[in-house]
Asker: 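Shown below is the structure under consideration.
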Amino acid sequence: MNVKTIVETILQKCNVPPMEQTCDQLIVGDWNAEVTGIATTFMATVDVIKEAAAKGANLIITHEPTFFTGWDKTEWLKDDPVYTGKQALIHQHQINIWRFHDHMHGSTPDLIYDGLIRELGWETYQNADDKHCFTIPKISVVDLAEFLEERLQVSVSRIVGAVNGSVERVGFLVGGGSLGLGREEMPMELMNKANLDTIVCGEILEWTLAAYVHDAAQLAMNKSLIVLGHNRTEEVGMKHIVSWLQALFPKIPVDFIEAGDPFIYHVKPL
């Protein structure tokens, strides 16, 4: 099967209405290239590209951009040594890279959330009317943070607000969803409307959700925020679509390659 057939089969399976604009494009490669193996990943980093080549996979399905901006525009990178070096590596191994983002989130269920929920074991906790909200057995904020760190392999989580509070009603805004998805006020509205005790998220703007939760706690409200990082909240979705893809393409090897948390954490000794 060639790249075009693989992508068309995936999009047909997603059954998402046509999009006028989407970042789900062939970022690098040839639509007619025969696929020898598929690698799924959060981001097609240099190390991911090398590992895919070593595994014999010439199609990388990545959730996030390859070339450093949301739309993978490359005009500004023409003479950039990081870009030219990465392109040389891609061409050396004849790798094709297709981005699977908008259709992944647009599927029913959202395939990123589906993988996250399975990783956490929260299948019975998700609220029927909102995929972002969960009602879990009562737990302390710190214990919830430690549970998430263990399940999602998070080196360091950050907590805002009522660190000594308790949690039952949880909002989970993966990746950049906590930035508002084009509406800065969205996360705060969700917390208020759903009466959430805490929001677990990937990324924050410190003057929006973090400030809202900080003020709420200073007003003696049981509100908290647990920040895990963009990668750590979404990469499990790319891990769990392996079985989904294997069912579509039983004759093609499919592997998950972890891009991993890009940060090196330095904690000043007490």
Side-chain angles (χ1 to χ4, degrees), residues 2-4 6-7 10 22-105 111-112 115-116 119 152-156 174-176 179 202-203 228-242 244-246 249 252-266:
N2 62 22
V3 173
K4 185 177 177 61
I6 296 284
V7 170
I10 291 170
T22 177
C23 59
D24 294 353
Q25 305 290 336
L26 185 64
I27 307 303
V28 180
D30 179 0
W31 284 115
N32 294 314
E34 287 294 312
V35 176
T36 57
I38 298 171
T40 71
T41 189
F42 171 79
M43 187 177 293
T45 66
V46 166
D47 282 351
V48 166
I49 293 164
K50 290 178 179 178
E51 188 170 344
K55 289 178 178 292
N58 68 341
L59 174 59
I60 295 175
I61 298 178
T62 180
H63 188 62
E64 296 296 3
T66 302
F67 295 122
F68 324 121
T69 63
W71 291 95
D72 279 294
K73 301 295 184 183
T74 58
E75 294 84 355
W76 64 282
L77 287 166
K78 182 179 178 183
D79 299 313
D80 188 286
V82 177
Y83 170 69
T84 55
K86 193 171 187 178
Q87 279 280 32
L89 179 69
I90 292 167
H91 291 306
Q92 175 189 344
H93 295 291
Q94 297 183 307
I95 299 290
N96 305 276
I97 301 175
W98 179 66
R99 188 166 177 200
F100 189 23
H101 182 277
D102 296 348
H103 291 83
M104 200 169 182
H105 283 300
L111 293 172
I112 290 290
L116 173 71
E119 195 77 11
L152 301 178
Q153 299 179 36
V154 177
S155 299
V156 175
V174 300
L179 305 181
E203 299 193 46
L228 303 179
H230 197 129
N231 171 286
R232 293 295 80 196
T233 57
E234 289 201 316
E235 186 147 61
V236 288
M238 301 309 291
K239 171 184 172 182
H240 282 279
I241 64 162
V242 167
W244 187 84
L245 290 168
Q246 287 172 333
F249 312 111
I252 299 176
V254 183
D255 290 293
F256 165 66
I257 300 177
E258 187 165 8
D261 189 342
F263 299 104
I264 298 169
Y265 294 94
H266 171 72

Asker: Is it the case that the side chain of Arg232 and the backbone of Val154 share a donor-acceptor pair, with hydrogens and angles ignored and the cut-off at 3.5 Å?
Answerer: no

Asker: Would you find a donor on one side and an acceptor on the other, under 3.5 Å apart, between the side chain of Thr22 and the backbone of Asp102?
Answerer: no

Asker: Quick check for you: to the nearest 0.5 Å, what is the distance between Arg99 atom CZ and Trp71 atom CH2?
Answerer: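 Here the rounded value is 8.5 Å.
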
Asker: Is atom CD of Gln94 surrounded by more than 12 heavy atoms (other residues, nucleotides or ligands) closer than 6.0 Å?
Answerer: no

Asker: Closest approach of Val254 and Gln246, non-hydrogen atoms and distance?
Answerer: O-NE2, 3.7 Å

Asker: Determine, step by step, whether Ile60 and Ile257 satisfy the side-chain contact (heavy atoms from CB on, under 4.5 Å) criterion, reporting the C-alpha distance in whole Å, the side-chain angles of both residues, the deciding distance to 0.1 Å, and the verdict.
Answerer: CA-CA 9 Å; Ile60 295 175; Ile257 300 177; over 6 Å; no

Asker: Write out all pairs satisfying salt bridge (Lys or Arg N to Asp or Glu O under 4.0 Å) with one or both partners inside residues 74-97, taking only residues at least two apart or from two chains.
Answerer: none

Asker: Keeping the roles fixed (side chain from Thr40, backbone from Ile61), state whether a donor-acceptor pair exists under 3.5 Å.
Answerer: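 No; zero donor-acceptor contacts below 3.5 Å.
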
Asker: Using a cut-off of 6.0 Å, state whether more than 12 heavy atoms not belonging to Phe68 lie near its atom CZ.
Answerer: yes

Asker: Are any non-hydrogen side-chain atoms of His240 and Trp244 less than 4.5 angstrom apart?
Answerer: no

Asker: Taking all atoms of both residues into account, what is the closest heavy-atom pair of Gly260 and Asn231, and its distance?
Answerer: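 Looking at all heavy atoms of both residues, the shortest contact is O-ND2, 3.1 Å.
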
Asker: Check whether any side-chain heavy atom of Ile241 sits under 4.5 Å from a side-chain heavy atom of Phe100, and report yes or no.
Answerer: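 Ile241 reaches Phe100 side chain to side chain.
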
Asker: Between His230 and Phe42, does the ring centre distance come in under 6.0 Å?
Answerer: yes

Asker: Can you tell me how far the CG atom of Leu116 sits from the NZ atom of Lys239, to the nearest 0.5 Å?
Answerer: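 So the gap between those two atoms works out to 11.5 Å.
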
Asker: I need the minimum non-hydrogen distance between Asp24 and His103, along with the two atoms involved.
Answerer: OD2-ND1, 2.7 Å

Asker: For the pair Asp72 (side chain) and Pro65 (backbone), establish whether a donor and an acceptor sit closer than 3.5 Å, ignoring hydrogens and angles.
Answerer: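 Looks like no, no N/O pair under 3.5 Å.
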
Asker: Calculate, to the nearest 0.5 Å, the distance between atoms CG and OG1 belonging to Leu228 and Thr233 respectively.
Answerer: 7.0 Å

Asker: Could you give the distance from CG (Leu59) to CZ (Phe249), rounded to the nearest 0.5 Å?
Answerer: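 Rounded to the nearest 0.5 Å, the CG-CZ separation comes to 9.0 Å.
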
Asker: Under 3.5 Å, is there a donor on one side chain and an acceptor on the other for His101 and Gln25?
Answerer: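 No, Gln25 and His101 have no side-chain donor paired with an acceptor closer than 3.5 Å.
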
Asker: Grab the two heavy atoms, one from Val35 and one from Asn2, that are nearest each other, plus how far apart they are.
Answerer: CG2-C, 3.8 Å

Asker: So Thr69 and Thr74, side-chain contact (heavy atoms from CB on, under 4.5 Å) or not? Walk me through it.
Answerer: CA-CA 9 Å; Thr69 63; Thr74 58; over 6 Å; no

Asker: Run the side-chain hydrogen bond (donor to acceptor under 3.5 Å, both in side chains) check on Glu234 and His105 step by step: do they pass?
Answerer: CA-CA 11 Å; Glu234 289 201 316; His105 283 300; 3.2 Å; yes

Asker: Would you name the heavy atoms of Thr45 and Ala259 that are closest together and state the gap between them?
Answerer: CG2-CB, 4.3 Å

Asker: To the nearest 0.5 Å, what is the distance between CE (Met238) and OG1 (Thr62)?
Answerer: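 Rounded to the nearest 0.5 Å, the CE-OG1 separation comes to 6.5 Å.
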
Asker: Could you report the tightest heavy-atom contact between Ala39 and Ala52, atom names first, then the distance?
Answerer: CB-CB, 4.1 Å

Asker: In the structure I gave you, are the side-chain heavy atoms of Ile49 and Ile90 within less than 4.5 Å of one another anywhere?
Answerer: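 Yes, side chains in contact.
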
Asker: Nearest 0.5 angstrom please: His63 NE2 to Ile112 CD1, how far?
Answerer: 4.0 Å

Asker: For the pair Glu235 and Asp261, evaluate side-chain contact (heavy atoms from CB on, under 4.5 Å) and give the outcome as yes or no after the intermediate values.
Answerer: CA-CA 9 Å; Glu235 186 147 61; Asp261 189 342; over 6 Å; no

Asker: Within the structure provided, determine whether Phe67 and Ile27 are in side-chain contact (heavy-atom separation under 4.5 Å).
Answerer: yes

Asker: Go through it in stages, so that I can follow the logic: the residues are Leu179 and Glu203, the test is side-chain contact (heavy atoms from CB on, under 4.5 Å), and I'd like the CA-CA distance, side-chain angles, deciding distance and then a yes or no.
Answerer: CA-CA 7 Å; Leu179 305 181; Glu203 299 193 46; 4.2 Å; yes

Asker: Among pairs that include at least one residue of residues 29-39, which meet side-chain hydrogen bond (donor to acceptor under 3.5 Å, both in side chains), considering only residues two or more places apart or in two chains?
Answerer: Thr36-Asn58

